[in-house]
A.B. asks: 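Dumping the structure here so I can ask a few things about it.
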Amino acid sequence: LLKYFKNYAHTVFNDWMKQNVNAVLSLIDQGDSLVDLGCGDGKLTKLFAKKAKAKTVIGLDSLPSKKSGIKIVKGDLNRKLPFKSNSFDIATSHYSLEHLYNTGLFISETHRILKKGGYTVVATDNLSNWPTIIALIFGYQPFSLTCGISKRSIGNPFAIRSNFGEVVSDRDLDLDWRVSGEWSHNKVLSYKALLEAYEEYGFKIEKVIGVGYLPFKGFLSRFFANVDKRHAYLLIIKARKI
């Protein structure tokens, strides 16, 4: 039964991730300069930049890929960002926020490097999703917080990923992942906390999209995640600097 559940959840999650990319792209308008904070291998950065028709495209990551095809700056998202104030029209952040321990500084720095009227599109896990609420009732670890403590997911027997070492090897890291903290989920925000955090640092929330709603996929998942964003599995926000 557990194996069946994980297989189904894996199929559903893959469907959600397709919805997620389309949702992020739907929030990106035209802008001359774009920075992708936590860009990974840069593949999605290129998609974001293409949608924005950006002329200047920069990625930032603590473990930059050498085969990205774009300019990537090495940096730590938990510290001050290595860019001048008022430098970019658009700042994207695709599932980096939950990896941070210095979330407030990151949001403040995002605000600083954006031009007035510029905006950020942020995709992140939602702590207040229904699976997490149910997991906590049974004394299990929230699904989004089973990663990074060990080489396997711990604290929740229903977590999809069981071998954390497989994820680490995907990036061919040449350093101990426990030291880098690259793959740990450290602070996962709820729907309310996410919106209030960006408002606290001078942003106006323009739109929120929910992605993923167990046990559904496809149209039903999109429908329920839109009706009940507070309990969607993933959240994407567009927030403008004011």
Side-chain angles (χ1 to χ4, degrees), residues 19-39 44-45 47-60 75 77-129 144 186-213 222 224-242:
Q19 294 179 30
N20 156 76
V21 173
N22 290 331
V24 171
L25 290 173
S26 73
L27 296 180
I28 296 177
D29 299 321
Q30 189 169 346
D32 287 338
S33 54
L34 180 146
V35 60
D36 191 14
L37 303 172
C39 63
L44 286 177
T45 312
L47 280 179
F48 301 157
K50 183 178 180 181
K51 178 66 191 300
K53 297 181 180 179
K55 298 174 184 177
T56 301
V57 182
I58 297 177
L60 185 143
L77 298 181
N78 286 298
R79 300 180 181 276
K80 285 187 173 293
L81 300 178
F83 305 115
K84 294 180 179 179
S85 299
N86 308 306
S87 294
F88 300 99
D89 297 299
I90 307 166
T92 53
S93 173
H94 191 258
Y95 298 101
S96 295
L97 196 70
E98 65 275 10
H99 291 266
L100 307 180
Y101 58 80
N102 208 348
T103 314
L105 178 62
F106 172 76
I107 300 173
S108 174
E109 282 291 284
T110 303
H111 186 276
R112 180 184 65 79
I113 67 173
L114 281 171
K115 298 175 183 177
K116 187 174 181 179
Y119 67 90
T120 183
V121 175
V122 181
T124 187
D125 294 47
N126 177 20
L127 188 63
S128 54
N129 65 67
S144 295
N186 296 303
K187 285 186 180 178
V188 181
L189 303 183
S190 68
Y191 172 92
K192 185 68 171 175
L194 178 64
L195 271 58
E196 287 189 357
Y198 275 83
E199 289 170 344
E200 176 74 17
Y201 289 97
F203 286 96
K204 179 181 179 181
I205 306 297
E206 290 193 344
K207 190 164 184 179
V208 182
I209 297 177
V211 175
Y213 204 94
R222 290 192 295 272
F224 284 109
N226 181 58
V227 171
D228 182 23
K229 298 181 180 69
R230 289 174 179 268
H231 298 108
Y233 199 81
L234 308 168
L235 292 171
I236 304 166
I237 66 168
K238 181 175 183 178
R240 193 170 298 274
K241 178 178 179 176
I242 57 175

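The first residue in the sequence is number 1, and the count goes up from there. Worth saying up front: this structure is predicted, and the values here are computed from it rather than measured.
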A.B. asks: Any side-chain heavy-atom pair from Thr124 and Leu194 closer than 4.5 angstrom?
C.D. replies: yes
A.B. asks: Using distance only, find each side-chain donor-acceptor pair of residues 233-242 under 3.5 Å and give its atom names and separation, not counting sequence neighbours.
C.D. replies:
from, atom 1, to, atom 2, distance (Å)
Lys238, NZ, Leu27, O, 3.1
Lys238, NZ, Asp29, OD2, 2.5
Arg240, NE, Glu206, OE2, 2.6
Arg240, NH1, Gly117, O, 2.6
Arg240, NH2, Glu206, OE1, 3.3
Lys241, NZ, Asn86, OD1, 3.1
Lys241, NZ, His111, O, 3.0
Lys241, NZ, Leu114, O, 2.6

A.B. asks: For a quick test of reading the model, state the closest non-hydrogen atom pair linking Asp89 to Asp32 and the distance between them.
C.D. replies: OD2-N, 3.2 Å
A.B. asks: Can you give me the closest heavy-atom contact between Leu34 and Ala54, atom names plus distance?
C.D. replies: CB-CB, 4.1 Å
A.B. asks: CG of Asn126 to NE2 of His231: how many Å apart, nearest 0.5 Å?
C.D. replies: 8.0 Å
A.B. asks: Nearest 0.5 Å, what's the OG-CD1 distance between Ser87 and Ile58?
C.D. replies: 8.0 Å
A.B. asks: For the residue pair Phe83 and Phe88, does the interplanar ring angle fall in the parallel (under 30°), tilted (30 to 60°) or perpendicular (over 60°) class?
C.D. replies: perpendicular
A.B. asks: Looking at every non-hydrogen atom in both residues, tell me the closest pair between Val211 and Ala23 and how far apart they are.
C.D. replies: CG2-CB, 4.3 Å
A.B. asks: Please evaluate residues Ile107 and Phe203 with respect to the criterion side-chain contact (heavy atoms from CB on, under 4.5 Å), reporting the C-alpha separation (whole Å), side-chain torsions for both, the decisive distance (0.1 Å), and the verdict.
C.D. replies: CA-CA 9 Å; Ile107 300 173; Phe203 286 96; 4.0 Å; yes
A.B. asks: Okay, side chain of Asn78, backbone of Asn102: is any donor-acceptor separation there less than 3.5 Å?
C.D. replies: yes
A.B. asks: Out of curiosity, Lys84 NZ to Ile113 CD1, how far, rounded to the nearest 0.5 Å?
C.D. replies: 13.5 Å
A.B. asks: Among Val57, Thr56, Ile90, which residue satisfies the side chain to side chain contact (heavy atoms under 4.5 Å, CB included) criterion with Ser33?
C.D. replies: Thr56
A.B. asks: Return the set of residues passing salt bridge (Lys or Arg N to Asp or Glu O under 4.0 Å) with Arg230 (not counting sequence neighbours), or none when no residue passes.
C.D. replies: none
A.B. asks: For Arg112 and Lys80, indicate whether the former's side chain and the latter's backbone hold a donor-acceptor pair under 3.5 Å.
C.D. replies: no
A.B. asks: Where do Tyr213 and Ala232 come nearest, in terms of heavy atoms and distance?
C.D. replies: CD1-CA, 4.2 Å
A.B. asks: Calculate, to the nearest 0.5 Å, the distance between atoms CD and NZ belonging to Glu199 and Lys204 respectively.
C.D. replies: 10.5 Å
A.B. asks: Say whether, by atom type as modelled, one donor and one acceptor occur between the side chain of Ser96 and the main chain of Leu37 under 3.5 angstrom.
C.D. replies: yes
A.B. asks: Are the side chain of Asp125 and the backbone N or O of Val188 linked by a donor-acceptor pair below 3.5 Å?
C.D. replies: no
A.B. asks: Rounded to the nearest 0.5 Å, what's the gap from CZ on Phe224 to NZ on Lys229? Could you check?
C.D. replies: 14.0 Å
A.B. asks: Can you name the nearest heavy-atom pair linking Thr103 to Leu97, along with the distance?
C.D. replies: CG2-CD1, 3.8 Å
A.B. asks: What is the minimum heavy-atom distance between Ile28 and Lys51, and which atoms define it?
C.D. replies: O-NZ, 3.2 Å
A.B. asks: Nearest 0.5 Å please: distance from the CD atom of Glu196 over to the OG atom of Ser190.
C.D. replies: 8.0 Å
A.B. asks: Evaluate the side-chain proximity of Tyr198 to Thr120: yes if any heavy-atom separation is below 4.5 Å, no if none is.
C.D. replies: yes
A.B. asks: Are Leu195 and Lys192 side-chain neighbours, meaning at least one heavy-atom pair lies under 4.5 Å?
C.D. replies: no
